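Keep in mind that what you see is a predicted model, and the values were worked out from it rather than measured.
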Amino acid sequence: MKHVRTPSLLAATFATALLFSAGHVLADNPPNEPEENAQNDSSQPVTDTWITTKVKADLLATENVSGLDIKVETVDGVVTLTGAVASQAQKDKAVEVARQIKGVKRVEAGGLKLASR
């Protein structure tokens, strides 16, 4: 009689051993549990790239602001907005959105022009 079950038995044994060891790792290091002295706020410095990305995302999510038409650049925490907006209200709103982002020192919107219709 041939040993047809040997590969299946070997695979089952390996899978059981793998699951058993994974269970021990998870028991020792439960996922998504905060460390005892963890703080909610990140102590990592805010970078210009992060600021630019956050400003752009917030502009795209803001109603009555044409976020696709506004270019955002950040250097040393100074955000520069350029492009075209439909009204002074949209320009003011874009500046307000940018100012609310953590790490923004100043917002320059001189390059944000009113689009001619």
Atom pair NZ/NZ of Lys56 and Lys54 - distance to nearest 0.5 Å
14.5 Å

Could you tell me which non-hydrogen atom of Ser87 sits nearest to which non-hydrogen atom of Leu114, and how far apart they are?
C-CD2, 3.2 Å

In the structure I gave you, are the side-chain heavy atoms of Val72 and Val79 within less than 4.5 Å of one another anywhere?
yes

Heavy atoms only: give me the nearest Val104-Ala98 pair and the separation to one decimal.
CG2-O, 3.3 Å

pair Asn64-Lys93: side-chain heavy atoms closer than 4.5 Å
no

Between the main-chain N or O of Lys113 and the side-chain N or O of Lys91, is there a donor-acceptor pair closer than 3.5 Å?
no

Atom of Leu112, atom of Ala84 and distance for their closest heavy-atom approach:
CD1-N, 4.4 Å

Would you check if the side chain of Lys71 reaches a backbone N or O of Leu68 as a donor-acceptor pair within less than 3.5 Å?
no

Should Ile101 and Trp50 count as side-chain neighbours, where that means a heavy-atom distance under 4.5 Å?
yes

Nearest 0.5 Å please: distance from the OG1 atom of Thr82 over to the CD atom of Glu73.
6.0 Å

What's the spacing between Asp58 CG and Glu96 CD if we round to 0.5 Å?
11.5 Å

So, applying side-chain hydrogen bond (donor to acceptor under 3.5 Å, both in side chains) with Thr74, which one of Thr52, Asp48, Thr47 is it?
Thr52

On a heavy-atom basis, the closest approach of Ile51 and Gly77 is CD1-CA, 4.2 Å

For Val95 and Ala109, the nearest pair of non-hydrogen atoms, with its separation, is CG2-CB, 3.5 Å

In chain order, what residues pass the side chain to side chain donor-acceptor pair (under 3.5 Å) check against Arg99, with sequence neighbours excluded?
none

Interatomic distance, Leu60 atom CG to Ile70 atom CD1 [nearest 0.5 angstrom]:
8.5 Å

